[in-house]
Amino acid sequence: MNNLELVAIFERIADLMEIKGELVFKVQAYRRAAESLFLMVSDANQVLRDGKLEKIPGVGKAIAGKIEELLTTGKLGFLEELEKEVPPGLLEILKVPDVGPKKAALFWKQAGITDLNGLEVAASDGKLRTLPGMGEKSEGRVLDGIEALKRMSKRKLLGEAWPVAREWLEWLRQIPGVIKAEPAGSLRRWKSTIGDIDLVAAVINPEQVMELFTHHQQVARILSQGEKKSSVELKNGFNIQLWMQPPERFGTLWQYATGSKEHNVHLREIAQLNGYSLSEKGLLDAAGREHPFLDERSLYATLGLLWIPPELREERGEIQAALTGSLPRLIETDDLQGELHSHTDWTDGYATLEEMVEAARKKGFRFYGITDHSSGLGVAGGLNAERLMQQRHAVHSLQEKLGDSIHLLHGVEVEIRADGSLDYPDEVLAELDIVIASLHSGLRQPREIVTERLLKAMANPNVDIIGHPSGRLLPTREAADLDWEKVLDGALKSGVALEINSNPNRLDLDEVYARKANEMGILLSVDTDAHRPASLDLAVYGVSVARRAWVEADRVINTWPLEKLLGWLKSRK
DNA sequence: GCCGTTTTCGGCCCGACTGTTTTCAGTCG
């Protein structure tokens, strides 16, 4: 059993306990433990062997015992008992918007509903409206919620959400009375996947703006409408939530709506320690006076904290760092001096070598890596060694034409085969300027085997970068089941850089492992893996992963000046 | 169920919106 399976089990326990009506703090304890396991890089099996389960934050005697039982027997008596008491089918009705644990329990105990299908039938038959606290409207909301769930059960990708959000912000900003409009929520924190699009606005005439917002032609359905907050479902499947306050309260509103929830809870605890009560309206002091804030910086400062970049606001130590003045100076997209992972129509790219290089030049890059696929990746029309050398000549003659306006690095994205060997012999790889080794197949191999493959590839001195290390594809394809502690140790020992792939469908290295790698001193490379010129603009998403991983610019090899990068590449040979 | 430079017991954020209620519970973020 791996860490993610433990996470799923403890979340399941928390949900079931909540429906059962257990103390909320008990439920929260299980959720906290699940979050800790999610963030933990070490394999829980190893932590158990080391006798350190109770060192995990949020894990005490009781939960440690349950982890041990799960890891040693594969089962958990406590959960089996719980599932006898609470029908597990109820968990799927928790996913219905506006249905929480209390209503789930009500439907179950008073109407005998035990799964989503049962709920839909009961609602259609008008059997929910007679339950205590329910009525016709609530019954209708349940039906609407089930429909909504069917339409869009998945979270959206960050790269899909931003263009929609930008369009709406532009629209909002041209409305008279809207002083300011900005992104908030998980979008502003640049999470890899987004639930709703949260927007905030400083507004003089909230009633009018809310009317315009909820009656926008792209709105399919109004989910809620108030004077400070409204929520709509769009025809394109996105949900947008808009929060408003008068301009003088914009700082607290923006801070509040940006979250994360856990970050905000901690911030309010700090406020309490300082004798305040914090809400989106402002700070309330002990005398009951409200202190509004125009901007976030002054709010954080009043609480004795440095301003915290939104990407860090996940309650992962950022508040402590802001208290002690030890926040990192996060990497920015402008720090990137070049691209190291790209493709052309020599393999599965959509543009010629010349077109890709021209796009890179236009972006002002100092260097550019051309790394097409190796022969093993048949579906991508990978190059055999002979074709690779032909391409090398093409790159060299292009370089002659271009002079020193941009430095071209000719390399390859070489396939790591099922046995961990690479697609080209060492003498071919040794000739190249840069070598990225990637897994594309056999991602479902058992943990030991797939981990060993990666370790073997990293140990080859010709390999400079490991491309999209986990092989995940958002939101569908799971990452390879890697032993990350071993992978990161291997990277540290071999000195390879790990790629943060900027494609919104990958964002791989994941932020959790990127942060650990960064702490260990492993080098990173933020690359787009571009298959067409426009994709070079995706770097902002890879940078956002690095920022969420607390990464500073000098840890990322393609922020380096050309000479430093060339020196590093040379030293790898 | 976890946790502790104010606590080993008593805490564990705060408000908007909805729909059901006649002042509040449930859900959400």
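Within every chain, numbering begins at 1; the chains are lettered A, B, ... in the order of the sequence lines, protein sequences first and strands thereafter.
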Ring-on-base stacking B:dC2 with A:F25 (under 5.5 Å, under 30°): no

If I pick the [atom1] atom on [M] and the same atom on [N], what distance separates them, to the nearest angstrom?
N: B:dT5; M: B:dG1; atom1: P; answer: 23 Å
N: B:dC14; M: B:dT20; atom1: P; answer: 30 Å
N: B:dG26; M: B:dT21; atom1: C1'; answer: 13 Å
N: B:dG11; M: B:dC17; atom1: C1'; answer: 29 Å
N: B:dC2; M: B:dT7; atom1: C1'; answer: 14 Å
N: B:dA16; M: B:dT22; atom1: P; answer: 23 Å

Is the closest side-chain heavy-atom distance between A:Q110 and A:P132 below 4.5 Å? yes

With a 4.5 Å limit on heavy-atom distance, are the side chains of A:P101 and A:L94 in contact? yes

Base, sugar-phosphate, or nothing: which does [X] touch, judged by heavy atoms less than 4.0 Å apart?
X: A:L273; result: base
X: A:E136; result: sugar-phosphate
X: A:Q28; result: nothing
X: A:N264; result: nothing
X: A:Y256; result: base
X: A:L267; result: nothing
X: A:G60; result: sugar-phosphate
X: A:P101; result: sugar-phosphate
X: A:K228; result: sugar-phosphate
X: A:S230; result: nothing

With a 4.0 Å cutoff (strictly under), does any side-chain N or O of [X] reach OP1 or OP2 of [N]?
X: A:K281; N: B:dC14; value: no
X: A:K229; N: B:dG29; value: no
X: A:K261; N: B:dG29; value: no
X: A:R141; N: B:dT18; value: no
X: A:S138; N: B:dT20; value: yes

Length of the [atom1]-[atom2] vector between [X] and [N], whole Å:
X: A:Q245; N: B:dG29; atom1: CD; atom2: C1'; value: 15 Å
X: A:E315; N: B:dC12; atom1: CD; atom2: P; value: 16 Å
X: A:L253; N: B:dA16; atom1: CG; atom2: P; value: 11 Å
X: A:I222; N: B:dC17; atom1: CD1; atom2: C1'; value: 14 Å
X: A:E54; N: B:dC2; atom1: CD; atom2: P; value: 8 Å
X: A:E269; N: B:dC2; atom1: CD; atom2: C1'; value: 13 Å
X: A:L242; N: B:dA16; atom1: CG; atom2: P; value: 15 Å
X: A:Y30; N: B:dC2; atom1: OH; atom2: P; value: 7 Å

Quick test of your reading of the model: are [X] and [Y] salt-bridged, counting only N-O distances below 4.0 Å?
X: A:R141; Y: A:D98; result: yes
X: A:R547; Y: A:E552; result: no
X: A:R189; Y: A:E314; result: yes

Out of [options], which nucleotide sits closest to the side chain of [X]?
X: A:R32; options: B:dA16, B:dC2, B:dG29; value: B:dC2
X: A:Q272; options: B:dC17, B:dG1, B:dC14; value: B:dC14
X: A:Q241; options: B:dT18, B:dT27, B:dG29; value: B:dG29
X: A:S279; options: B:dC14, B:dC17, B:dG1; value: B:dC14

So if I apply the salt bridge (Lys or Arg N to Asp or Glu O under 4.0 Å) rule between A:R316 and each of A:E519, A:E511, A:E311, which one comes out positive? A:E511

Closest nucleotide of DNA chain B for A:L278 versus for A:A257: which of these residues is on the 5' side? A:L278

Contact nearer the 5' end of DNA chain B, comparing A:P57 with A:V99: A:P57

Going by a 90° cut-off around 0, is B:dT7 syn or anti? syn

Using purine N1 to pyrimidine N3 plus N6-O4 or O6-N4 for Watson-Crick, or N1-O2 and O6-N3 for G-U wobble, each under 3.5 Å, what pairs with B:dT8? none

Backbone of A:L128 reached by a side-chain donor or acceptor of A:E139 within 3.5 Å: yes

Testing the 3.5 Å rule here: is there a donor-acceptor pair between the side chains of A:Q255 and A:E280? no

